[in-house]
There are 2 protein chains.
Amino acid sequence: MVTKQLLAGLPEDADLRRSDSLAREIFSDVANKWALLIIEALGERTLRFGELRDEVEGVSHKMLTQNLRMLERNGLVDRTVHPTVPPRVEYTLTGPGRDLRGAVDAICGWTHQHLSHIERARGRFGG
Amino acid sequence: MVTKQLLAGLPEDADLRRSDSLAREIFSDVANKWALLIIEALGERTLRFGELRDEVEGVSHKMLTQNLRMLERNGLVDRTVHPTVPPRVEYTLTGPGRDLRGAVDAICGWTHQHLSHIERARGRFGG
DNA sequence: CTGCATCCACTAGGATACTG
DNA sequence: CAGTATCCTAGTGGATGCAG
């Protein structure tokens, strides 16, 4: 099973069922469009909320907030609030967050590399 | 912008706007839970529809069908119909499809590697 | 066995307005 | 500027039935 492969090498026994569902939950959180685009946008930088909204093409205020909370909850991004007026909130990737960048970069690279193949495949599929 | 990075190194000029939206569309197709789990499940193997449904934990008949069509349309999986009774339909990754496995493996590996970090982060987040 | 169509509950996600 | 809350629509996704 895919979820078994997700868990290869984990401590076994009683934790297994809990870890299994936790792993699937985390995978579902992370394997979505906005989360990956936010991680890619942050990279090594520290960005404010508004800057992120500009960087991540097409993301709405609401989706950005939701996904940032989720990423913060899972320890992938750090959120720093500067108690100034107006408020200044900065986001940056944590260590584990940065560890995911390789995978995200790979997907982005793959996308651009296979654009023409995919376009041709679509042409064949339709006709 | 993230989408600019997605396109780094592409032929420029007139195609750019079309390619940009195409790249985002493909990224959205590929960067979703079920698509990635299906790719991971297939790996180097050839699986029938029913086998895939058993391998991909929790996927419904409908989601599996939809995602397989999408992956086929984008040229990531090959679909082979054996005209027998009962019908036998086999799915396998294409070259480009296999090229994505590295990235998917990386996300799976990352998930399992950081399980405890994430669990701790969640604990802090709540309290 | 595989795939399509249908119904239905539910959530995703945009627009907007309001708070600190 | 950042965040929350609300409304509202379109789409997701499960269950089921039927056809090839």
Side-chain angles (χ1 to χ4, degrees), chain A residues 2-3 21 24-38 41-42 45-74 76-93 125-126, chain B residues 2-3 21 24-38 41-42 45-74 76-93 125-126:
Chain A
V2 170
T3 49
S21 89
R24 269 193 280 157
E25 191 183 329
I26 294 168
F27 188 88
S28 300
D29 275 356
V30 162
N32 87 60
K33 175 183 168 179
W34 293 127
L36 295 182
L37 287 176
I38 289 170
L42 276 174
R45 301 179 292 175
T46 293
L47 294 178
R48 302 180 57 177
F49 182 88
E51 292 170 336
L52 260 174
R53 197 186 41 219
D54 294 340
E55 292 289 325
V56 181
E57 181 86 9
V59 74
S60 69
H61 188 116
K62 185 183 182 181
M63 282 302 97
L64 186 54
T65 304
Q66 268 184 18
N67 278 275
L68 282 171
R69 286 296 161 280
M70 179 273 286
L71 291 173
E72 186 191 359
R73 185 171 97 95
N74 290 328
L76 276 82
V77 304
D78 269 336
R79 175 168 176 270
T80 309
V81 182
H82 297 85
T84 57
V85 173
R88 179 185 188 86
V89 183
E90 295 182 328
Y91 294 92
T92 183
L93 289 180
F125 192 81
Chain B
V2 170
T3 49
S21 87
R24 271 193 280 156
E25 190 183 329
I26 294 167
F27 187 88
S28 300
D29 276 355
V30 162
N32 87 60
K33 175 183 167 180
W34 294 127
L36 295 182
L37 287 176
I38 289 170
L42 275 174
R45 301 179 292 176
T46 294
L47 294 177
R48 302 180 56 177
F49 182 87
E51 292 169 336
L52 260 175
R53 195 184 43 217
D54 293 339
E55 292 288 326
V56 181
E57 181 86 9
V59 74
S60 69
H61 188 116
K62 185 182 180 180
M63 282 301 98
L64 186 54
T65 305
Q66 268 185 16
N67 279 274
L68 283 172
R69 285 297 158 282
M70 179 273 285
L71 291 172
E72 186 191 359
R73 184 170 96 96
N74 289 329
L76 276 82
V77 303
D78 269 336
R79 177 170 176 268
T80 310
V81 182
H82 297 85
T84 56
V85 173
R88 179 186 187 86
V89 183
E90 294 182 330
Y91 294 93
T92 185
L93 290 179
F125 192 81

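Here is how names work: the chains are called A, B, and so on, in the same order as the sequence lines, proteins then strands, and each is numbered from 1. The basis for the numbers below is simple: all heavy atoms, side chains too, and nothing from hydrogens, waters or symmetry mates.
- Between Y91(B) and dC1(C) there is no side-chain N or O to OP1 or OP2 distance below 4.0 Å.
- For M63(B), the side-chain atoms get nearest to dG14(D) when compared with the rest of dT6(D), dG14(D), dG3(C).
- L42(B) places a side-chain heavy atom less than 4.5 Å from the side chain of V77(B).
- Remark: P of dG14(D) and CH2 of W34(B) are 7 Å apart, rounded to the nearest angstrom.
- The side chain of R79(A) contributes an N or O atom lying less than 4.0 Å from OP1 or OP2 of dG3(D).
- Side-chain N/O atoms of H61(A) and base N/O atoms of dG14(C) include no donor-acceptor pair closer than 3.5 Å.
- Remark: R53(B) is not in phosphate contact with dC1(C), judged by side-chain N or O atoms under 4.0 Å from OP1 or OP2.
- Distances were taken from every side-chain heavy atom of P86(A) (C-beta onward) to each of dG13(C), dC1(D), dG3(C); the shortest belongs to dC1(D).
- If you measure from atom CG of L68(B) to atom C1' of dC4(C), you get 14 Å, rounded to the nearest angstrom.
- Distance CZ (R73(A)) to C1' (dG3(D)): 19 Å, rounded to an integer number of Å.
- Protein atom CG of L64(A) is 13 Å distant from nucleotide atom C1' of dG13(C), rounded to whole Å.
- Contact check for L36(B) versus V30(B): side-chain heavy atoms found under the 4.5 Å cut-off.
- If you take CZ of R69(A) and C1' of dA5(D), they are 14 Å apart, rounded to a whole angstrom.
- Residues K62(B) and F49(B) both approach DNA chain C. Their nearest nucleotides, taken by heavy-atom distance, put F49(B) toward the 5′ side.
- Remark: side-chain polar atoms of D54(A) are not paired, donor with acceptor, to backbone N or O of E51(A) under 3.5 angstrom.
- The side-chain heavy atoms of K33(A) and M63(A), taken from C-beta on, include no pair separated by under 4.5 Å.
- Considering only side-chain atoms of P87(B), the nucleotide from dT2(C), dG3(C), dG3(D) that sits closest is dT2(C).
- Taking atom CE of residue M70(B) and atom C1' of nucleotide dG13(D), one finds them 14 Å apart after rounding to whole Å.
- One can place NZ of K33(A) at 13 Å from C1' of dG14(C), the figure rounded to the nearest angstrom.
- Taking side-chain N and O atoms only, R48(A) has no distance below 4.0 Å to OP1 or OP2 of dC1(D).
- If you measure from atom CD of E57(A) to atom P of dG14(C), you get 13 Å, rounded to the nearest angstrom.
- Map V59(B) and V81(A) each onto its nearest nucleotide of DNA chain D; the residue landing nearer the 5' end is V81(A).
- Here the side chains of L68(B) and F49(B) are in contact, with some heavy-atom distance below 4.5 Å.
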